[in-house]
*Asks:* 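First the structure, then my questions, so here it is.
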Amino acid sequence: MIKRIETHCNDDTCPACVIAGDFIFLSHHAGGHSSTDVTHQTRAALTALTKTLQSANAGLNDLVQITLYLKNKNDFSIAREVFLEFFTDGLYPARMTVFTDFINESCLCMVDGVAYRCKENQ
């Protein structure tokens, strides 16, 4: 069974996530664009991702893979420090970091990922 969670970005062609069996495929998450601080935006993106996971009865510890998209290479170490706030006890997902431009010019950071939530644990 495939289930789609309502969009979080006002784009009906982009659900916040798609649940397929035990897997949760998360669309891009961002936020905090009123600030030009990458720490603030990274926190906002990870908070938004957390909320979507919660709507799918999962959490950050269920993430198996995350992609961190940054506008500026020099922001990597700053964004990495924010990850330490959200992922505790060394339970980090596999991470890929990509440097790119965004459609929203004020966006400095975005994340997406894949989570695994065993139905037996629900």
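As the structure is a prediction and not an experimental result, all values here were calculated from the model.
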*Asks:* Is it possible for you to say whether Phe25 and Val111 belong to one hydrophobic cluster, with membership spreading through side-chain heavy-atom contacts below 4.5 Å?
*Replies:* no
*Asks:* Could you list the residues that satisfy ring pair (Phe, Tyr, Trp, His ring centres under 6.0 Å) with Phe23, not counting sequence neighbours?
*Replies:* Tyr116
*Asks:* How many angstroms lie between atom OG1 of Thr42 and atom CZ of Phe86, to the nearest 0.5 angstrom?
*Replies:* 9.0 Å
*Asks:* Kindly indicate whether the side chain of Leu26, heavy atoms from C-beta on, has any atom under 4.5 Å from the side chain of Cys17.
*Replies:* yes
*Asks:* Among residues at least two apart in sequence or on other chains, which ones pass ring pair (Phe, Tyr, Trp, His ring centres under 6.0 Å) with Tyr69?
*Replies:* none
*Asks:* Considering all heavy atoms of both residues, which atom of Thr36 and which atom of Leu108 are nearest to each other, and what is their separation?
*Replies:* O-CD1, 3.3 Å
*Asks:* Write down the atom of Cys109, the atom of Ala45, and the distance for their closest heavy-atom approach.
*Replies:* SG-CB, 4.4 Å
*Asks:* May I ask whether Phe87 and Leu53 are part of the same hydrophobic cluster, defined by side-chain heavy atoms of I, L, V, M, F, W, Y residues being less than 4.5 angstrom apart, directly or through others?
*Replies:* yes
*Asks:* Please answer: with hydrophobic residues joined when any side-chain heavy atoms are less than 4.5 Å apart, are Leu49 and Val114 in the same cluster?
*Replies:* no
*Asks:* So, using salt bridge (charged side-chain N to carboxylate O under 4.0 Å, His left out) as the criterion, who are the partners of Glu105 when residues are at least two apart?
*Replies:* Lys71
*Asks:* Any donor-acceptor pair under 3.5 Å linking the side chain of Gln41 with the backbone of Ser35?
*Replies:* yes
*Asks:* Apply the hydrophobic cluster definition, ILVMFWY joined by side-chain contacts under 4.5 Å directly or through others, and give me every member besides Ile2.
*Replies:* Val18
*Asks:* Tell me, please, which residues at least two apart from His28 pass ring pair (Phe, Tyr, Trp, His ring centres under 6.0 Å).
*Replies:* His8
*Asks:* Please list all pairs meeting side chain to side chain donor-acceptor pair (under 3.5 Å) that have one or both residues in residues 74-88, counting only residues at least two apart or in different chains.
*Replies:* Arg43-Glu85, Asn72-Asp75
*Asks:* If you measure from CD1 on Ile24 to NZ on Lys3, what distance do you get to the nearest 0.5 Å?
*Replies:* 10.0 Å
*Asks:* Just grab all the side chain to side chain donor-acceptor pair (under 3.5 Å) pairs involving residues 45-56, residues at least two apart or on different chains.
*Replies:* His29-Thr52
*Asks:* List, one per line, each side-chain donor-acceptor pair under 3.5 Å for residues 58-68, sequence neighbours excluded.
*Replies:*
residue, atom, partner, partner atom, Å
Asp62, OD2, Gly59, N, 2.8
Gln65, NE2, Thr67, OG1, 2.8
Thr67, OG1, Asp112, OD1, 3.3

*Asks:* Give the table of side-chain donor-acceptor pairs shorter than 3.5 Å for residues 91-104, with sequence neighbours excluded, one pair per line with atom names and distance.
*Replies:*
residue, atom, partner, partner atom, Å
Asn104, OD1, Ser106, N, 2.9
Asn104, OD1, Ser106, OG, 2.7
Asn104, ND2, His33, ND1, 3.2

*Asks:* Group every Ile, Leu, Val, Met, Phe, Trp and Tyr by side-chain heavy-atom contacts under 4.5 Å, then state whether Met110 and Val82 land in the same group.
*Replies:* no
